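None of the values given here were measured: they were computed from a predicted structure. When a ligand or atom number is given, it counts from 1 through the structure's own listing order.
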Amino acid sequence: MHATLLLSLASLVATASAQVALYQQCGGKNWSGSTTCVSGATCQVLNEYYSQCLAGSNGATTVTSSAVVTIGSTSQPPTPTVTPTGTGTNTAPQSTNSSAGKQIRTNQTPVYHLYLQNIGGKPRLGPEATSGYFVYGTTVGLVMADGSKLYLNVDMSVSTSYKPISFGTTATTTNWGLSGDTFRVGNTQNLLVCPVSGSSAYDIYLQTGSEMLSSSCTNYITMHLPCLC
Ligand SMILES: *[C@@H]1O[C@H](CO)[C@@H](O)[C@H](O)[C@H]1NC(C)=O
Ligand SMILES: *[C@@H]1O[C@H](CO)[C@@H](O)[C@H](O)[C@H]1NC(C)=O
């Protein structure tokens, strides 16, 4: 066996006992750190390059709509239950084929050049290295590695001005569009973005007014194609 391979195998063994905290990376292409999550969490593949420790065991029910997301010291109410069954987590990883679709990114502080992708079964903003690729028209679909799509659906039924956006295997929001390079739903292009606790990712909400979910959130962010090409 090649010496460097032996070395990296040895370092894998050496670090195997270190436990990875919730929402931290535990795997992916080139990951050489620990793949063992803390008790109560399992290492779940989000895409080819990134696996993350998520609460519970593997399976579509892992990221449940009743999970309480703690942002700062404020406990947030459960995310509305719009996520159709079986779409809470990705069973197939998202595609890493840049020819399969376009990237979607944000251009403003604090989410300057973060890219939309599947993180923990939700459409979230994260690093370019793990960006998703999307096909878009009146629907917006994340392309999965098996060619299937997870559509961006907005729950307009909630009473707050910020409306949660989740993935669905069928598109229930069919009035997506573009103004120039800016995504909109109907005439609304503003988003509220909120940091996901214990992670560098951000949750996204369609913002139809000005209400804030938490003081750590930022209003009036827009999502763009990196270029009109
Ligand atoms: C993974 O490692 C290979 C070989 O060293 C390298 O070519 C590739 O760019 C790395 N990929 C990532 C995502 O770091
Ligand atoms: C990437 O996607 C394009 C467009 O769908 C397809 O033609 C091509 O075969 C794909 N490449 C790979 C390596 O899957």
Q.
Leu191 vs Gln207, test: side-chain contact (heavy atoms from CB on, under 4.5 Å). Steps then yes/no.
A. CA-CA 5 Å; Leu191 300 175; Gln207 178 59 281; 5.5 Å; no

**Q.** Best match, Ser98, Ser95, Ala100: closest heavy atom to atom 5 (O) of ligand 2
**A.** Ala100

Q. Nearest to atom 13 (C) of ligand 2, what protein heavy atom do you find, and at what distance?
A. Asn97 ND2, 4.4 Å

(Q) How about Cys26 and Cys43 - are their SG atoms less than 2.5 Å from one another? (A) yes

**Q.** Distance-only polar pair, side chains of Asp146 and Ser148, donor-acceptor under 3.5 Å
**A.** yes

Q: Take atom 9 (O) of ligand 2 and look for protein heavy atoms under 4.0 Å from it; say yes if you find one, no if not.
A: no

Q | atom 4 (C) of ligand 2: the protein heavy-atom neighbour that sits closest, reported with distance to 0.1 Å | A | Ser99 O, 3.6 Å

Q) For Asn153 and Thr170, which heavy atoms make the closest approach, and how far apart are they? A) ND2-O, 3.0 Å

